[in-house]
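Okay, so here's the structure we're looking at.
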Amino acid sequence: MHIFKTIEELQTYLKPYRAEKTIGFVPTMGALHEGHLSLIHTSRQENYMTVCSIYVNPTQFDNKNDFDKYPRIVDEDIELLRSVGCDVLFAPSDAEMYPQLVESRISFGKLENVLEGRFRQSHFNGVGIVVSKLFHIIKPDKAYFGQKDLQQCLIVERLVRDFSFDVKIIRSATVREEDGLAMSSRNRRLSAIERQFAPKIYEALLLAKDMLLNHKATVLEAQEAGIFYLNSFGVFKIDYFEVVDTINLEPFENLTQQKEIAICVAVFLGNVRLIDNLLIELSA
Ligand code: PAF
């Protein structure tokens, strides 16, 4: 695997391949897990070459503590990437990515104000900026994102549509631990006790789904059941537990008007903030 820290070196390496070969791109912030590896795997199947980036992007964090505590284990990550046959790693410094302060803003309208947007000031502006920069630097044919970050998938798809990026976005299903916990770099920060409670998040999603599909519950009843279930353990601080549409991630009341819905949740478990979601196709 080739490792590059500067844009110039990376671009010099990629240039000869661009005209004739396809490049798949998996952007990450490191602390890689099976979810990332499955994206690399898909990219390898679909492209001649796979580029992964590891960069903990400061502009998407509104909480300095969260940024400082974000796990950084690049040596382990490199070993993992080698083991799955990733071709190129781009691991730039802050000075390389942001030689000047970025004062431009990318706004995503309603989509940036719902769910995560309500709790993480300017988060999607930061994601939009860094993903745009990475797309310009790497010029991939396809880029791979995990569905655990559903809102991020929609934001990136909108970025590509609105700014005519020549890249196809591929969403991949959430990869889960055996007990159902969605894989996340932040899971490493959970204490042993917190880790035992963490699968309850997925159980709450399944409970709400079951109520909607099998018990004719209203959206409100399903949400309340999920919230009640999580609260019953006394360890979660819930930011949101919402049933939303899958276009703008907005709440709605009438289930019969939707083809597909998502149940989305964000909680604090101790100091660690975890998100998860379930997509549900409704039969006509
Ligand atoms: O999902 C992530 O890891 C990050 O938000 C991303 C897409 C790499 C941008 O920093």
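Whatever order the structure lists them in is the order used to number ligands and atoms, beginning at 1.
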In the hydrophobic clustering (ILVMFWY, side-chain contacts below 4.5 Å, transitive), which residues join Leu32, or is it alone? Met1, Ile3, Val26, Leu37, Leu39, Ile40, Ile54, Val74, Ile78, Leu80, Leu81, Val84, Leu89, Tyr144, Ile170

Do Phe124 and Phe108 make the cut of ring centroids closer than 6.0 angstrom? no

My understanding is that only residues two or more places apart in sequence, or in another chain, count here; which of them pass side chain to side chain donor-acceptor pair (under 3.5 Å) with Gln152? none

Counting C-beta onward and ignoring hydrogens, is there a side-chain heavy-atom pair between Pro140 and Val51 closer than 4.5 Å? no

Do Leu111 and Tyr240 share a hydrophobic cluster (ILVMFWY, side-chain heavy atoms under 4.5 Å, transitive)? yes

Applied to residues 242-251, the side-chain hydrogen bond (donor to acceptor under 3.5 Å, both in side chains) test, sequence neighbours excluded, yields Arg118-Glu242, Arg158-Asn248, Thr246-Glu260

Can you list every protein residue that has a heavy atom under 4.0 Å from any atom of ligand 1, sorted by chain and residue number? Pro27, Thr28, Met29, Asn57, Gln60, Val130, Phe145, Gln152

